[in-house]
Each structure stands twice: as C-alpha cells, then as structure tokens.
Protein chains: 2
Amino acid sequence: MKRKLKDKISICEVFYVNKEKINAVKKVMKPNETIISLAQTFKVLGDPTRTKIIFALSKEELCVCDIAALIGISQSATSHQLRVLRNMKLVKYRKEGKIAYYSLDDNHIRNLFDEGLRHVEE
Amino acid sequence: MKRKLKDKISICEVFYVNKEKINAVKKVMKPNETIISLAQTFKVLGDPTRTKIIFALSKEELCVCDIAALIGISQSATSHQLRVLRNMKLVKYRKEGKIAYYSLDDNHIRNLFDEGLRHVEE
DNA sequence: TTATTATATGAATATATGTTCAAATATGAT
DNA sequence: ATCATATTTGAACATATATTCATATAATAA
C-alpha cells in the first residue's frame, strides 16, 4: 500500500474511500433545494405524455382538446398532466371564453428540450 | 360562428378542435421512439439521488463507495442507481482491481445538466 | 485454502405516479 | 331559466420505482 492511511476513511463499512476527492466534490456540490428542483424539472419532462405535450406546445399554442386529439389521450388525462406542467411553471394558459389556450411559459424549457433531443438523436 | 364547420371536427366528443393546427404539429412531431427515448433520458435525470450522482461525476471520476459516502446513501442503493445510469449510457466505468471507477459517458449530459441548472437557478 | 473488501444483484416492501371514471365548474347559447 | 360544451378535479386502481436487506460475485491478501 503506497498511500497514507490518512487519505482513506471508513464510512458505510467499506474502506478505500478517498477523502480528498469527496471533499473536493462536496465543496462544489449544489445545495439540496437546487438538486431537488433540478430533479423535479427533469422528472416532469420524463413522462412520454408530458414530453409530447411540451413538444407540441413548443410549436403551437393549443387548447386542451387539441392537445388531447393530437397525442391521442383522453381530455381528462391531458388536463391532469397540464396541471402538473402548470405547477412546475413550464406552461401557462390564457382563457378565451370556454377555451383554455396553453403555451410554454419559459424559453429555458425549449433549450433543455432541444439539448435532450440532440442527445437522443445523436 | 364565423369559422367554417370544416375546420372543426369532433374527436373525444368535444368540439372546437382545430384541425389545421393539429395537422401542422403532427407534421413536425417526432416519431414515437424518439419521444420515448427523450422521456426516458429526462426520467433518469429526474431522481434526486441520480441527479446527485451525475453532478458528482461531472466533477470527478469516483468509485462506488466514494459516491455512496458523498451523497449519504447505502452502497447498495448507489450500485442500483449506477446500473440505471449505465443502462441509459449516461455513465461508464473502468475497473482497477476490486474498485470500479465511474465517470460520465457522454458530454451531452453535461450540457443538458447545465441547461437544467440554468433554468432552476435562474 | 480462508478472510477481507468492493461491488453487484434479487426479492420484498413501501411509496409515487399515470390513467380512467364520474362528477363538478365555468362559460356561452337558446 | 335550461342546455351544451370545455375544462377541471377527486377518488380509485393499477403500475412503476427507490430503498433496504440478504446474499452472491469478484478480486486481493494472508
């Protein structure tokens, strides 16, 4: 063993934990709330139905029924998912009579989405 | 009613579906497999534990036990999540004796991650 | 060989989540 | 007022998923 024992500590009952590396990363680790928010944002984009909705809204402002017809799910399911997206501030809507027109609330989302597409489409 | 009835059709038993808009979006809609892959990628990033792992690995190559110690979860849970990330080709590893050193497999992920952070941190 | 260590894996459990169904609002037309 | 339509909402159900625990590999040391 070449390394000094000081560099290794025992947590989780396993040796060979490199303390320096861990501290280096800990120093730049984002605060927990940031991580939670980030994970939530990704999670919301991580359902095919919502992914389709976001994609559609990135092209056109659409009403609930248009979205439902477009992606082929019930109007109720659409509304439920739109609420999730609304709560995360990813979409907004304006009302015109009975009809609610939804659109993207944030341009970051478009970028995030495009970056994701680039990853998937290579 | 000013618009011609032709533009409105009845799907899901609701009127006021705008056929033109739907067709316009349908034309540019990504194929289902693309949507599924995209959603899967986002979903994998959408769990706080995995988010932390990805963040850590974006800074340092780390072994399983380092990761576990760093984010404060069990080695088993870490290993399970690393498998998820491995399956999605988001991380790779090299073995040095008993130790498995993990790192990011793909730079797109770093960009995706940074774009997400920008959205969250404003 | 046996012992130790780092990681992986399978089963079980508890929790989260997406859809459906039914019913409730909300708005406009008759 | 009543009727029709667009959307929302709550409850129920079924499925997915993250963690834990116990055990199994894999690699090295003694």
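Labels below follow one simple rule: chain letters A, B, ... track the order of the sequence lines, proteins then strands, and each chain is numbered from 1.
Contact annotation: R83(A) does not reach the phosphate of dT17(C) (side-chain N/O to OP1 or OP2, under 4.0 Å). Residue Y102(B) places at least one side-chain N or O under 4.0 Å from the OP1 or OP2 atom of dA8(C).
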Could you pull out every donor-acceptor pair under 3.5 Å between side chains of residues 39-46 of chain A and any protein atom, sequence neighbours left out?
| unit_1 | atom_1 | unit_2 | atom_2 | d |
| --- | --- | --- | --- | --- |
| T41(A) | OG1 | S37(A) | O | 3.0 |

List the atom pairs, donor and acceptor, that lie under 3.5 Å between side-chain atoms in residues 23-33 of chain A and the rest of the protein, sequence neighbours left out.
| unit_1 | atom_1 | unit_2 | atom_2 | d |
| --- | --- | --- | --- | --- |
| N23(A) | ND2 | K19(A) | O | 3.4 |
| K30(A) | NZ | E121(B) | OE2 | 3.3 |

I'd like a table of donor-acceptor pairs (distance under 3.5 Å, sequence neighbours excluded) in which one partner is a side-chain atom from residues 106-113 of chain A, with atom names and distances.
| unit_1 | atom_1 | unit_2 | atom_2 | d |
| --- | --- | --- | --- | --- |
| D106(A) | OD1 | H108(A) | N | 2.7 |
| D106(A) | OD2 | H119(B) | ND1 | 3.0 |
| N107(A) | OD1 | R110(A) | NE | 3.1 |
| R110(A) | NH1 | S58(A) | O | 2.7 |

Legend entry - Contact pattern, 5' to 3', of nucleotides 14-21 of chain D - B, S or - by protein heavy atom under 4.0 Å: ---SSSBB
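Going from atom NZ of K95(A) over to atom P of dA26(C) covers 8 Å, rounded to whole Å. If you measure from atom CD1 of I67(B) to atom P of dT7(C), you get 8 Å, rounded to the nearest angstrom. Separating the CG atom of L62(B) from the P atom of dA6(C) is a distance of 15 Å, rounded to the nearest angstrom. Atoms CD1 (I53(A)) and P (dG18(C)) sit 11 Å apart, rounded to a whole Å. Computed from coordinates, the K98(B) NZ to dA27(D) P distance equals 11 Å when rounded to whole Å. L82(A) has its CG atom 14 Å from the C1' atom of dT19(C), to the nearest Å. Across the protein-nucleic acid pair, F42(B) atom CZ and dT17(C) atom C1' stand 19 Å apart, rounded to whole Å. Put simply, CD on E96(B) is 13 Å from C1' on dA6(C), counting in whole angstrom units.
With sequence neighbours excluded, the residues forming a side-chain contact (heavy atoms from CB on, under 4.5 Å) with S76(B) are S74(B), H80(B), listed by chain and number. Residues passing the side-chain hydrogen bond (donor to acceptor under 3.5 Å, both in side chains) test with R83(B): none are found, sequence neighbours excluded.
Scanning atom types as modelled, one donor and one acceptor separated by under 3.5 angstrom connect the side chain of Q75(B) and the base of dA8(C).
With Y102(B) as the partner, the side-chain hydrogen bond (donor to acceptor under 3.5 Å, both in side chains) test is satisfied by one option alone out of E60(B), E61(B), R86(B): R86(B).
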